[in-house]
Number of protein chains: 2
Amino acid sequence: MELPNFAQISTMFSKTCEYAIRATIYIASESSDGKRCGIKEIARKIESPEPFTGKILQRLVKANIIHSIKGNGGGFEIPQEEFTKIKMEDIVRAIDGDDLFNRCSLGLHECSDDQPCPFHHKYKPIRENLKKTLRDTSLADLILKFNSGDTYLKL
Amino acid sequence: MELPNFAQISTMFSKTCEYAIRATIYIASESSDGKRCGIKEIARKIESPEPFTGKILQRLVKANIIHSIKGNGGGFEIPQEEFTKIKMEDIVRAIDGDDLFNRCSLGLHECSDDQPCPFHHKYKPIRENLKKTLRDTSLADLILKFNSGDTYLKL
DNA sequence: ATCAAACAAGACTAAAAAGTCTTTTTAATA
DNA sequence: TATTAAAAAGACTTTTTAGTCTTGTTTGAT
């Protein structure tokens, strides 16, 4: 039958957010090595469009997740002390807002425990679990295995 | 601080898919009452744009999830025997394809158990749980409490 | 002081998703 | 068999998301 896709790319995070998470991990990894990195390098390493990556990094700076140093020799970095403080949740909220955390799975405004949509009770534990994971996963967790070469950011 | 959203509406299902699920539940509920319903009625009841709803219903017909009867007195319906056979998974796949089921949370092509992205091991159980729930939740489950007035499709 | 190498900001463009409109096809019924 | 009420089909428009380009600002090094 093979009918082509109709609506698309429904995944947890927006594409922008995916780039943001990858970039943050890369910067943290370089920072843990004492190195500062620029947009060009980051975009190359995480395979993202360079000017768009610039935009996303700006946003991460405003959200206080990464630091930027302007001027010659500048770049982006994250102080190591912050690795355990920065959570996946922070990045996701900074980029995608909190729809993922709040929005009804069927798009209903009034959906709640008291007035649930037909999928509410099945969906709720899944989302709570996701929220907990995002809240509990720090940048330190993410880069640990990345630095040791057991996880990857390629393709 | 109040910086406005940057990237948006990241939830599990596309908006189109949300409408599709709501529409399917409504049609099933009417069918369980022996009633056939038309686009106008459906759009009104699930609060979705009428012509767009038509498009979505067409797609659900092609995917064999709902039946359509053309001509005067026609409309949409779902045979009751199918209520337990039709799963949330079927609707989601028909509309959103299988990105939600397969795609790496960070957008990496090559991510797998063998070559995981930094979030893979934390994400996998969440997704597996979601998949299981979508696989196990039938239309019969969804309309049971809806028909009894314990769940809602409003707003 | 000047220059060059960075990031910042904002206007702009492109692509994808969401939504509309018009015409055609179907089928019940008067 | 003409009418009418429905869905189907497909071209079209709008909005949102993704991505680009140009210009400005900052700052270290010469």
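Every value quoted in this text rests on a predicted model; they were computed, and no experiment measured them. Below, chains carry the letters A, B, ... as their sequence lines are ordered, and counting in each starts from 1. Heavy-atom basis, side chains included; hydrogens, waters and symmetry copies ignored.
If you take CG of Asp99(B) and P of dA17(C), they are 9 Å apart, rounded to a whole angstrom. Whole-Å rounding puts the Phe76(B) CZ to dA27(C) P distance at 14 Å. Whole-Å rounding puts the Arg59(A) CZ to dA8(C) P distance at 13 Å. Ile95(A) places its CD1 atom 13 Å from the C1' atom of dA18(D), with the value rounded to the nearest Å. Distance CZ (Arg22(A)) to P (dA18(D)): 13 Å, rounded to an integer number of Å. For the pair Glu50(A) CD and dT20(D) C1', the computed distance is 11 Å after rounding to whole Å. Atom CG of Leu60(B) and atom P of dA9(D) are 14 Å apart (whole Å). In this entry the distance linking CG of Asp96(A) with C1' of dA18(D) reads 13 Å, nearest Å.
Counted within 6.0 Å of NZ on Lys131(B), heavy atoms from surrounding residues, nucleotides or ligands total more than 12; the atom is thus considered enclosed.
Lys55(A) contributes a side-chain N or O that forms a donor-acceptor pair with the base of dG10(C) under 3.5 Å. Under 3.5 Å, the side chain of Gln58(B) and the base of dA7(D) form no donor-acceptor pair of N or O atoms.
Here Ile69(B) lies in heavy-atom contact (under 4.0 Å) with sugar-phosphate atoms only. As judged by a 4.0 angstrom heavy-atom cut-off over every strand, Ile39(B) is placed among residues touching the sugar-phosphate backbone only. Nucleic acid contact class of Pro49(A) (heavy atoms, under 4.0 Å, all strands): sugar-phosphate only.
Residues Glu41(A) and Lys45(A) are not paired through a salt bridge, judged by the lack of any N-O separation under 4.0 Å between the basic side chain and the carboxylate.
At a threshold of 4.5 Å between side-chain heavy atoms, the hydrophobic network of Ile, Leu, Val, Met, Phe, Trp and Tyr places Leu144(A) and Leu106(B) in two separate groups. Criterion: ILVMFWY side-chain heavy atoms under 4.5 Å apart, direct or through other members. Under it, Ile42(B) and Phe83(B) are part of a common hydrophobic cluster. Hydrophobic clustering of Ile, Leu, Val, Met, Phe, Trp and Tyr side chains at less than 4.5 Å, counting indirect connections, unites Ile39(B) with Phe52(B).
Comparing Gly71(A) and Thr53(A), the nucleotide of DNA chain D nearest to each residue sits closer to the 5' end for Thr53(A).
Relative to the side chain of Lys70(B), the nucleotides dA8(C), dA7(D), dA18(C) differ in distance, and dA7(D) lies closest. Side-chain proximity of Phe52(B) to dG19(D), dC21(C), dG19(C): nearest is dG19(C). Here the side chain of Val61(A) is nearest to one of dA7(D), dA5(C), dA8(C), namely dA8(C). Here the side chain of Asn72(A) is nearest to one of dA5(C), dT26(D), dT25(C), namely dA5(C). Listed candidates were dA18(C), dT20(D), dT4(D). Nearest to the side chain of Lys15(B) is dA18(C).
In this structure, Tyr19(A) reaches the dG19(D) phosphate: one of its side-chain N or O atoms is under 4.0 Å from OP1 or OP2. Put simply, Ser68(A) has no side-chain N or O that comes within less than 4.0 Å of OP1 or OP2 on dC7(C). In terms of phosphate contacts, Lys62(B) brings a side-chain nitrogen or oxygen within less than 4.0 Å of OP1 or OP2 of dA9(D). Contact annotation: Thr16(B) side-chain N/O to dA17(C) OP1/OP2 distance is not under 4.0 Å.
Between atom CZ of residue Arg127(A) and atom CG of residue Leu134(A) there is a gap of 12.0 Å, rounded to the nearest 0.5 Å.
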